[in-house]
Asker: 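Below is a structure I'd like to ask you about.
Keep in mind it's a predicted model, so treat the numbers as computed, not measured. Letters A, B, ... mirror the listed sequences (proteins, then strands); counts begin at 1. Values below: all heavy atoms of this structure, side chains included; hydrogens, waters and symmetry mates excluded.
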There are 2 protein chains.
Amino acid sequence: MRADSRLSRMLHVLIHMDRHDGPVTSELIARMLNTNPVVVRRTMAGLRERGYLTSVKGHGGGWALARSLDEITLRDVYEALGEPTVFAIGVADDDPKCLVEQAVNAAVGEALREAEQRLLSRFGEISIGELARDFDRRMAECTAG
Amino acid sequence: MRADSRLSRMLHVLIHMDRHDGPVTSELIARMLNTNPVVVRRTMAGLRERGYLTSVKGHGGGWALARSLDEITLRDVYEALGEPTVFAIGVADDDPKCLVEQAVNAAVGEALREAEQRLLSRFGEISIGELARDFDRRMAECTAG
DNA sequence: GATCACGAAACAACAGGAGTTGCATAACTC
DNA sequence: GAGTTATGCAACTCCTGTTGTTTCGTGATC
């Protein structure tokens, strides 16, 4: 399957928006992400509904941050995207009759659930503001070197 | 996309094979998994190459275990399947020019890598023999109750 | 009113597991 | 050695969800 890159794309965009004055058009965002404006609007709609972004129609319109990046975690973005499926692997049948399969599901399902829980917890610990500051460090290194 | 259920299917089959005398045909396995023999052969081929299974052609042929279930971990099976993609989510570009995207990838990629590492480590700790014994417990509970 | 920009619907492209068919090949039975 | 059983392999189609694209509607600005 093609990997779902909506989370990383949104993080990318949000940091750019933070460093940008005034609203940013879907057109410009699309160029940053190497995609097109419709995909951008579709993906960002969830973030607007959650109150992280605002969008303004018409001349001079576009997208703007409604919150500080320090107030938004990776998990917030993940949830705003509709909590996409995390794993490409899973069990064959969620409620099997076969006791063997039940034993398999118990072990595999448990391991997957725990891994997902850990990943999402980790996402909840990281604010986008931290990523932005990491970008600043990289920028400083780049210009210094 | 539809979840990749090859791992759980193979675990399911291996335990059944352990409780079965003589070779098991792809046809019979397919009925256990609610699929068809070609899918079974395709999926089990990797386990044969790794030496966990043998397959015999012709009359009276079929599949048989070449190892004890205690010698095979979930991770062994995962690897025999060609190490399928674990996550349905990922970063947009593995080697981006944009420094912002690099910072995003560092954070998201790291979290994903760590989660994958943990999951695979956990898989490495669980032998199929343990799952089989868990099945026995469930069976006992079922007949006792 | 012309232009700019978002909103929404509809559809094709793509990727990978799963399902299916057909045929070749090997092994056993008679 | 002919028939049967079973795997091995190749070449499809199907399914599902992200991504990409086009088109039209609508609101805001100039």
Asker: Between A:R75 and A:E79, does any NZ, NE, NH1 or NH2 come within less than 4.0 Å of an OD or OE carboxylate oxygen?
Answerer: yes

Asker: Can you measure A:R41 atom CZ to D:dC24 atom P for me and round it to whole angstrom units?
Answerer: 16 Å

Asker: Assess whether one donor atom and one acceptor atom, taken from the side chain of B:R2 and the base of D:dT16, lie less than 3.5 Å apart.
Answerer: no

Asker: State yes or no: do B:V38 and B:W63 share one hydrophobic cluster built from I, L, V, M, F, W and Y residues joined by side-chain heavy-atom distances below 4.5 Å, directly or via other members?
Answerer: no

Asker: Output the residues of residues 6-27 of chain B in contact with DNA chain C, where contact means a heavy atom of the residue under 4.0 Å from an atom of the strand; sort by number or write none.
Answerer: B:R6, B:R9

Asker: Any side-chain N or O of A:N36 under 4.0 Å from OP1/OP2 of D:dG20?
Answerer: no

Asker: When you get a sec, tell me which of D:dT18, C:dC6, D:dT7 is the closest nucleotide to the side chain of A:D4?
Answerer: D:dT18

Asker: Where along residues 42-56 of chain A does a heavy atom come under 4.0 Å from DNA chain D, residue by residue in number order?
Answerer: A:R42

Asker: With a 3.5 Å distance limit and no angle check, can you tell me whether A:S5 reaches the backbone of A:S8 through a side-chain donor-acceptor pair?
Answerer: no

Asker: Ignoring backbone atoms, establish whether A:S5 has a side-chain N or O less than 4.0 Å from OP1 or OP2 of D:dT18.
Answerer: no

Asker: Using the salt bridge (Lys or Arg N to Asp or Glu O under 4.0 Å) rule, take B:R138 and B:E141 through it: C-alpha gap first, then chi angles, then the decisive distance, then the call.
Answerer: CA-CA 5 Å; B:R138 289 166 188 267; B:E141 275 179 27; over 6 Å; no

Asker: Salt-bridged, B:E110 to B:R113, with N to O below 4.0 Å?
Answerer: yes

Asker: Are B:V56 and B:V13 connected in the hydrophobic side-chain network, where two residues link if heavy atoms are under 4.5 Å apart?
Answerer: no

Asker: To the nearest angstrom, how far is A:R31 atom CZ from C:dA5 atom P?
Answerer: 10 Å

Asker: Angle class for the A:F123/A:Y78 ring planes (parallel below 30°, perpendicular above 60°, tilted otherwise)?
Answerer: tilted

Asker: Taking 4.0 angstrom as the limit, do B:R133 and B:D136 come out as a salt bridge?
Answerer: no

Asker: Of the options C:dA26, D:dT29, C:dG7, whose atoms approach the side-chain atoms of B:K57 most closely?
Answerer: C:dA26

Asker: To the nearest Å, how far apart are A:I89 CD1 and C:dA15 P?
Answerer: 22 Å

Asker: Carefully, step by step, assess B:T43 and B:R6 under the rule side-chain hydrogen bond (donor to acceptor under 3.5 Å, both in side chains).
Answerer: CA-CA 7 Å; B:T43 310; B:R6 287 177 294 173; 5.9 Å; no

Asker: Which is true for A:T35 with a 4.0 Å heavy-atom rule: it touches a base, it touches only sugar-phosphate, or it touches nothing?
Answerer: sugar-phosphate

Asker: Want to settle it: does A:N34 or A:H59 sit nearer the 5' end of DNA chain D, counting the closest nucleotide to each?
Answerer: A:N34

